[in-house]
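In what follows, a structure is listed as structure tokens, so that the remarks can point back to it.
Hydrogens, waters and symmetry mates play no part in the numbers below; they use all other heavy atoms, side chains included.
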Amino acid sequence: MNLNQDSSSLHHVEEIVKAAAAGTELTRQLLAFGRKDPIQMRPVDLNRAVRNMQKMLRRLLRENITIELFLADAVHPIHADINQIEQVVMNLCVNAGDAMPEGGTLTILTRNIDGETAMDMPEAGVSKQMVCLSVRDTGCGMDEETRKRIFEPFFTNKQKGKGTGLGLSTVYGIVRQHGGWIDVHSTPGAGSQFDVYFPKSELPIEGEMPRAEKQPQGSKPVGGKVLVVEDNPSIRSIVCDVLRRNGYSVREASDGLNALQVLSEWGQPIDLLVTDMVMPAMGGKSLAIKLQRQMPKLKVLFMSGYTEERLPAMGKIQPGEAFILKPFPVERFLSAVRGLMQEEAGR
Ligand SMILES: Nc1ncnc2c1ncn2[C@@H]1O[C@H](COP(=O)(O)OP(=O)(O)OP(=O)(O)O)[C@@H](O)[C@H]1O
Ligand SMILES: [Mg+2]
């Protein structure tokens, strides 16, 4: 998890530091946050991830709990860090197990949410296609008062030493970082269901990409050096992935200041700057102006969630620059990149 860029994870870390000082038991979450391997966002097959966890879950949950999987066929890939996805599934299943001390059934379901259904979803602006992962139990359930508080760090109904109350706040942080959200349904005495929605990945699972898609018709890979500057880690990693798969050599930065640092470490002039407009430390436009002074042939592709005319301090789009509104389909992004790269350096 990139702690510099995600204030919600930073918040978690602060909470964890506080809790550690208070001597609370924090093994699982601490392990997760202390993990050495960096976050790797890739297209992930949720069904495969769940199946791979089945044995581990069987060992983890008591024998009086039946585990059922209902995994829909052809579930879309999601853009995710597999370790974090496992952590989400694990936390939800452990909670489900805890909610069924007398035994019961734990069900894990996956399904695609497409088209109209997706449009009705509360945050459907993000993506029209999503995947839903549900974890259902036949346990004690919870009342409305509890349900409202379950994502708060340190909220727990478990006995002292049994729960830290960090499980679901961690789950929430991870899901938000993946651009998704969570719905909870529960009936006291009957059970609970956690529905976790993830946006569909624009990229197929690795190793399954059809040959034809690798090189869209009529466009030869042009190559070139690209710096991607974007403060949202999920978007940044999708954009970098797409560029790399299309033959560009790519470096990434989280904001304008970080970009200058990354560039000086790279030590080579770049051909294209792909940058978000609004970022915490030095926005896209200031960065572009600064870099174009050093590299007059530099092409710039601005990405923003604001419409072009509403952008503050956007100024006029110059030759050699282009603008793309987020969210955008990968193909439109790539054709903007190709267009800029093939443009004569007319300035
Ligand atoms: N499936 C569930 N059924 C009933 N209550 C649940 C369920 N999942 C969570 N809860 C309630 O939400 C609370 C918070 O869950 P959370 O996972 O954040 O912490 P915890 O399980 O108490 O502790 P930890 O996960 O850190 O071991 C739980 O204590 C429990 O009251
Ligand atoms: Mg828990």
Side-chain angles (χ1 to χ4, degrees), residues 1 25-112 130-141 150 156 158 161-175 177-178 180 182 184 186 191-198 200-201 204-208:
M1 192 168 296
E25 251 283 333
L26 286 162
T27 38
R28 277 208 313 271
Q29 274 70 31
L30 267 183
L31 274 176
F33 281 105
R35 236 187 31 216
K36 291 269 161 46
D37 45 320
I39 295 296
Q40 292 198 337
M41 298 292 280
R42 294 184 187 292
V44 164
D45 176 352
L46 259 185
N47 286 356
R48 199 187 294 169
V50 170
R51 280 195 203 101
N52 287 344
M53 294 183 74
Q54 206 174 352
K55 258 197 199 146
M56 190 264 292
L57 290 173
R58 187 59 279 169
R59 278 199 302 270
L60 197 70
L61 299 166
R62 287 178 318 278
E63 274 174 17
N64 60 1
I65 293 173
T66 307
I67 304 177
E68 283 181 348
L69 305 187
F70 289 103
L71 310 178
D73 289 338
V75 158
H76 302 312
I78 62 166
H79 192 68
D81 176 75
I82 183 69
N83 292 319
Q84 292 194 323
I85 295 304
E86 287 180 353
Q87 212 190 340
V88 166
V89 175
M90 205 119 108
N91 271 303
L92 294 177
C93 291
V94 168
N95 283 349
D98 290 345
M100 301 186 283
E102 313 296 330
T105 304
L106 168 90
T107 314
I108 305 179
L109 308 94
T110 58
R111 66 197 159 106
N112 287 337
M130 275 162 293
V131 182
C132 179
L133 166 84
S134 304
V135 176
R136 183 196 290 163
D137 65 65
T138 55
C140 60
I150 52 175
T156 178
K158 288 168 194 173
K162 284 268 169 72
T164 61
L166 279 171
L168 285 179
S169 66
T170 305
V171 166
Y172 184 82
I174 292 173
V175 172
Q177 232 201 345
H178 281 73
I182 312 176
V184 185
S186 188
S192 311
Q193 178 162 335
F194 286 74
D195 294 326
V196 185
Y197 297 89
F198 294 104
K200 177 194 168 190
S201 164
I205 303 293
E206 256 157 50
E208 290 176 13

Exercise: identify the closest heavy-atom pair between Val175 and Tyr197 | CG1-O, 4.3 Å

Which of these, Gln87, His178, Gln177, sits in a side chain to side chain contact (heavy atoms under 4.5 Å, CB included) with Asp81?
-> His178

Side-chain contact, heavy-atom cut-off 4.5 Å: Val135 with Leu106?
-> yes

How about Met100 and Thr138: do any of their side-chain heavy atoms sit closer than 4.5 Å?
-> yes

Quick one: salt bridge (charged side-chain N to carboxylate O under 4.0 Å, His left out) partners of Asp195, sequence neighbours excluded?
-> none

Taking every non-hydrogen atom, the tightest pair across Ser186 and Gly141 = OG-CA, 3.3 Å

Output yes when a side-chain donor or acceptor of Arg62 lies under 3.5 Å from a complementary backbone atom of Gly97, and no otherwise.
-> yes

Only one of Thr156, Asn95, Asn91, Val88 clears side chain to side chain contact (heavy atoms under 4.5 Å, CB included) with Leu168; which?
-> Asn95

Thr105 side chain to Ile65 main-chain N or O, any donor-acceptor pair under 3.5 Å?
-> no

Pairs satisfying side chain to side chain donor-acceptor pair (under 3.5 Å), at least one member in residues 65-77, at least two apart | His76-Asp114

Run the numbers on Val196 and Leu92 for side chain to side chain contact (heavy atoms under 4.5 Å, CB included), then give the verdict.
-> CA-CA 10 Å; Val196 185; Leu92 294 177; 3.9 Å; yes

In this structure, SG of Cys140 is separated from CD of Glu102 (nearest 0.5 Å) by 10.5 Å

Find out whether Leu57 and Ile108 are in side-chain contact, i.e. whether some heavy atom of one side chain is under 4.5 Å from a heavy atom of the other.
-> yes

Flag, side chain of Asn112 to backbone of Ala74, donor-acceptor distance under 3.5 Å | yes

If every non-hydrogen atom of Tyr172 is compared with every non-hydrogen atom of Ile182, which pair is closest and at what distance?
-> CA-CD1, 4.0 Å

Kindly compute the distance separating CG (Asn52) from CG (Asp45), expressed to the nearest 0.5 Å.
-> 9.0 Å

Does some side-chain heavy atom of Arg42 sit less than 4.5 Å from a side-chain heavy atom of Ile82?
-> no

To the nearest 0.5 Å, what is the distance between CZ (Arg111) and CG (Leu71)?
-> 13.0 Å

For the residue pair Pro43 and His79, what are the closest heavy atoms and their distance?
-> N-ND1, 4.3 Å

Gap separating the CE atom of Met53 from the CG atom of Leu69, nearest 0.5 angstrom = 11.0 Å

For Asn47 and Ala72, work out which heavy atoms get closest and say how close.
-> ND2-O, 2.8 Å

Using a 4.5 Å cut-off on heavy atoms from C-beta on, say whether the side chain of Phe198 contacts that of Leu46.
-> yes

